[in-house]
> 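Below are the structure tokens for one structure; questions will follow.
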Amino acid sequence: MKSLLLLVLCAGLCFASSDIHQHNIQTLMDNVVVVRVPYAHGSMVEVPLTCGDTYEHKDVFWKKNGEELTPALQGNQITVLVKEMKAGNYSCHLSSSGEHLNYTLILVQLEPDNRTVILEWNSPEEGHIHCSAMNYKGSFHCTWKKTQHRSHAAVLLIKASRYLDEISCVVDADGSGIQCQDVNCPYKEENNPIHLTIYMHSSSRLEAYTKSFYLREIVRPEKLPNLQISNGQVFSWAYPDTWEKPRTFFSLHFHVKVVHNGQSCNSDKNILDKFTEETKYDVNVKSKKYVFCVRAQDKYAQGPWSQWSQCIVNKTEVNCQLL
């Protein structure tokens with residue numbers, strides 16, 4: 001009876017161990033397997049690999065990162081031991097120096113908190129990724145900055161969606177951002193947020209960065225064009241060409257500042273600080289040397305402000321810069 005009880009107990013423990021083992025391994029995409037390990041030294045996970053059903057009866061040899069393994073690993077189905085972050089690209093070949101048949105890239109992701117070191121942290125509001133859009137047509141751009149010691153890291157996979165609709169994204173040429181297009185978005189009421197997950201890998205390390213937002217939260221008008229002065233003190237400007245129409249529905253309001261000559265538009269030491277819904281402003285100040293600044297924001301959504309447009313006034317000389 002004791003022997004039977006011991007046998008049942010061992011079987012239960014083996015089943016539980018097997019279940020945990022399988023839970024630590026996930027196929028992220030074709031030929032890519034993710035091993036989730038705790039943030040601790042000495043973690044080890046056995047990962048089963050197969051070259052493919054086509055090569056069941058072939059003499060299959062395996063390499064890791066292009067180099068032969070010692071001792072050699074042979075067979076269509078093998079098991080490799082991943083210790084801590086020491087994973088890699090396992091490729092199978094027809095012989096030790098023969099034709100490349102298939103591969104499996106094994107990456108390691110730390111649990112339970114997806115501890116990250118690849119991208120720099122921006123702020124509690126933005127996290128690691130900054131996203132912005134010029135209007136409500138569904139196109140948006142996200143950027144990030146890699147940490148100094150992970151500059152070689154690359155995007156492995158992008159998952160972007162709004163409810164059940166997938167959103168297509170393309171990685172920028174320099175790898176520092178993505179351009180996305182939500183084809184179902186333009187002019188619709190945003191009942192559901194956009195969910196974005198970016199998988200970055202550095203050597204064998206994988207990190208997942210997530211972000212959720214509504215388009216209205218990231219729409220930032222472009223800088224205001226055609227900034228000019230008339231009658232010596234009346235400044236006027238136009239809506240950006242990229243902004244939505246009709247303007248009566250997609251309205252902007254404007255932040256006007258006058259700061260001392262030589263000061264930045266972001267300076268707190270201002271001569272005048274006002275808001276208006278008109279595309280002109282009559283500046284009536286005593287100073288003959290100052291900087292006129294204006295920026296725009298969606299009147300209703302009140303998302304991010306545009307960058308400043310400015311004119312430098314030096315007595316009778318006015319220079320409206322395109323920065």
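One is the number of the first residue; the rest follow in order along the sequence.
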> So, for Gln77 and Thr50, which heavy atoms are closest and what is the spacing to 0.1 Å?
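Closest pair (atom of Gln77, atom of Thr50, distance): CG-OG1, 3.8 Å.
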> Can Leu28 and Leu107 be said to form a side-chain contact (heavy atoms from CB on, under 4.5 Å), step by step?
CA-CA 10 Å; Leu28 180 63; Leu107 298 174; 5.7 Å; no
> Counting only N and O atoms by type, is there a donor-acceptor contact under 3.5 Å from the side chain of Glu190 to the main-chain atoms of Leu215?
yes
> Would a single hydrophobic cluster contain both Tyr103 and Val35, if residues Ile, Leu, Val, Met, Phe, Trp and Tyr are joined by side-chain heavy-atom contacts under 4.5 Å?
no
> Would you indicate whether the side-chain heavy atoms of Pro240 and Leu224 approach each other to under 4.5 Å?
yes
> Using a 4.5 Å cut-off on heavy atoms from C-beta on, say whether the side chain of Gln263 contacts that of Val291.
no
> Answer yes or no: is there a side-chain heavy-atom contact under 4.5 Å between Ser43 and Glu84?
yes
> Would you find a donor on one side and an acceptor on the other, under 3.5 Å apart, between the side chain of Asp298 and the backbone of Tyr300?
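A pair under 3.5 Å: yes.
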> If hydrophobic clusters are built from ILVMFWY residues whose side chains come within less than 4.5 Å, do Trp62 and Tyr55 share one?
yes
> For the residue pair His141 and Met134, establish whether any side-chain heavy-atom pair is separated by less than 4.5 Å.
no
> A side-chain contact here means heavy atoms from C-beta on lying under 4.5 Å apart; do Leu196 and Cys131 qualify?
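In contact.
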> Would you check if Val32 and Leu157 make a side-chain contact, meaning some heavy-atom pair closer than 4.5 Å?
no
> Using a cut-off of 6.0 Å, state whether more than 12 heavy atoms not belonging to His152 lie near its atom NE2.
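Counting neighbours around NE2 of His152, more than 12 heavy atoms of other residues, nucleotides or ligands fall under 6.0 Å, so yes.
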> What distance do Glu278 atom CD and Ser236 atom OG have between them, rounded to the nearest 0.5 Å?
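If I round to the nearest 0.5 Å, the distance is 12.0 Å.
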> Taking the side chain from Ser203 and the backbone from Arg205, do they hold a donor-acceptor pair closer than 3.5 Å?
no
> Using atom types as modelled and distance alone, determine if a side-chain donor or acceptor of Arg150 lies under 3.5 Å from a backbone N or O of Leu119.
no
> List the steps and the verdict of side-chain hydrogen bond (donor to acceptor under 3.5 Å, both in side chains) for Asp273 and His255.
CA-CA 8 Å; Asp273 191 341; His255 183 193; 2.6 Å; yes
> Is atom CD of Glu166 surrounded by more than 12 heavy atoms (other residues, nucleotides or ligands) closer than 6.0 Å?
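Atom CD in Glu166 is not packed in, count stays at 12 or less.
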> Do Tyr136 side-chain atoms and Phe250 backbone N/O form a donor-acceptor pair below 3.5 Å?
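Checking the backbone N and O of Phe250 against the side chain of Tyr136, no donor-acceptor pair under 3.5 Å is found.
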> Transitively linked via ILVMFWY side-chain contacts under 4.5 Å: Met85 with Val34?
no
> If you take all heavy atoms of Val155 and Trp144, which pair is closest and at what distance?
CG2-CZ2, 3.6 Å
> If you look at every heavy atom in Pro221 and Trp243, which pair is closest and at what distance?
CG-CZ3, 3.9 Å
> Ignoring hydrogens and geometry, is there a side-chain-to-backbone donor-acceptor pair from Ser251 to Lys299 under 3.5 Å?
no
> For a disulfide (SG to SG under 2.5 Å) check, start with the C-alpha distance between Cys320 and Cys311, then their side-chain angles and the critical distance, and finish with the verdict.
CA-CA 4 Å; Cys320 295; Cys311 290; 2.0 Å; yes
> Can any side-chain N or O of Ser306 pair as donor or acceptor with the backbone N or O of Ala296 at less than 3.5 Å?
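Yes: the side chain of Ser306 pairs with the backbone of Ala296.
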> Looking at Asp59, I'd like to know if its CG atom is crowded, meaning that more than 12 non-hydrogen atoms belonging to other residues, nucleotides or ligands lie closer than 6.0 Å.
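Incorrect, the count does not exceed 12.
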> Ignoring hydrogens, what is the shortest heavy-atom contact between Asn122 and Ile129? Give both atom names and the distance.
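Of all heavy-atom pairs spanning Asn122 and Ile129, the closest is ND2-N, 3.8 Å.
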> Measure the spacing between NE2 of His100 and CG of Leu94 and express it to the nearest 0.5 Å.
12.0 Å
> Show, in sequence, the C-alpha distance, side-chain angles and deciding distance for Ser91 and His93, and conclude whether the side-chain hydrogen bond (donor to acceptor under 3.5 Å, both in side chains) test is met.
CA-CA 7 Å; Ser91 57; His93 304 259; 2.8 Å; yes
> Give a yes or no on whether Asp30 atom CG has more than 12 heavy-atom contacts from other residues, nucleotides or ligands under 6.0 Å away.
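At most 12 heavy atoms, drawn from other residues, nucleotides or ligands, come within 6.0 Å of this atom.
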> When you measure from the side chain of Glu207 to the backbone of Ile118, do you find a donor-acceptor pair of N or O atoms at a distance under 3.5 Å?
yes
> State the CG-CD distance between Leu101 and Glu99, to the nearest 0.5 angstrom.
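One finds 5.5 Å between CG of Leu101 and CD of Glu99.
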> Atom NZ of residue position Lys64 - does it have more than 12 heavy atoms of other residues, nucleotides or ligands inside 6.0 Å?
yes
> So does Phe275 have more than 12 non-hydrogen atoms from other groups sitting under 6.0 Å from CZ?
yes
> Show the numbers, then the answer: is there a side-chain contact (heavy atoms from CB on, under 4.5 Å) between Glu244 and Lys137?
CA-CA 8 Å; Glu244 307 289 357; Lys137 290 182 171 64; 3.2 Å; yes
> Check Cys265 against Cys293 for me: are their SG atoms closer than 2.5 Å?
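Cystine link detected, SG atoms below the 2.5 Å cut.
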> Anything under 30° is parallel, anything over 60° is perpendicular, the rest tilted; go ahead and classify Trp305 against His253.
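Rings of Trp305 and His253: parallel, under 30°.
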> Which pair of heavy atoms, one from Ala87 and one from Asn65, lies closest together, and at what distance?
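Distance-wise, the nearest heavy atoms are O-ND2, 4.4 Å.
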> Between atom CD1 of Ile158 and atom CD1 of Ile167, what is the distance when rounded to the nearest 0.5 Å?
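Between atom CD1 of Ile158 and atom CD1 of Ile167 there are 11.5 Å.
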> How about Asp241: does its CG atom have over 12 heavy atoms from other parts shown lying under 6.0 Å from it?
no
> Between Phe254 and Trp237, is the ring centre distance below 6.0 Å?
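Yes; Trp237 has its ring centre under 6.0 Å from that of Phe254.
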> Could you please spell out the steps behind the side-chain hydrogen bond (donor to acceptor under 3.5 Å, both in side chains) verdict for Gln179 and Asp172?
CA-CA 7 Å; Gln179 184 69 43; Asp172 294 345; over 6 Å; no
> Would you find a donor on one side and an acceptor on the other, under 3.5 Å apart, between the side chain of Lys211 and the backbone of Glu126?
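Judged by distance alone, yes, a pair lies under 3.5 Å.
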> Could you tell me whether the side chain of Val294 reaches within less than 4.5 Å of the side chain of Ser309, counting heavy atoms only?
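Yes; the side chains approach each other to less than 4.5 Å.
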> Could you state the interatomic distance from CG (Leu73) to SG (Cys92), rounded to the nearest 0.5 Å?
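The distance works out to 11.5 Å.
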> Identify the two heavy atoms, one from Gln307 and one from Arg295, that lie closest to each other, and give their separation to 0.1 Å.
O-CB, 3.8 Å
> Grouping I, L, V, M, F, W and Y whenever their side-chain heavy atoms are under 4.5 Å apart, do Leu105 and Val47 come out in a common cluster?
no
> Distance check, rounded to the nearest 0.5 Å: His130 atom NE2 versus Ser123 atom OG?
10.0 Å
> Which word best sums up how the rings of His128 and Trp121 line up, parallel for under 30°, tilted for 30 to 60°, or perpendicular for over 60°?
perpendicular
> Would the number of heavy atoms belonging to other residues, nucleotides or ligands and lying under 6.0 Å from NZ of Lys58 be above 12?
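Not more than 12 within 6.0 Å, no.
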> Shared ILVMFWY cluster between Leu69 and Phe61, side chains joined below 4.5 angstrom?
no
> Has the side chain of Glu222 got a donor or acceptor atom that lies under 3.5 Å from a matching backbone atom of Thr242?
no
> Does Phe140 have its ring centroid less than 6.0 Å away from the ring centroid of Phe213?
yes
> Is there a side-chain contact between Val313 and Phe235 (heavy atoms, below 4.5 Å)?
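Val313 reaches Phe235 side chain to side chain.
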> So if I apply the side chain to side chain contact (heavy atoms under 4.5 Å, CB included) rule between Phe292 and each of Leu227, Ile312, Leu272, which one comes out positive?
Leu227
> Carefully, step by step, assess Lys315 and Lys289 under the rule side-chain contact (heavy atoms from CB on, under 4.5 Å).
CA-CA 6 Å; Lys315 295 183 178 180; Lys289 294 182 180 182; 3.9 Å; yes
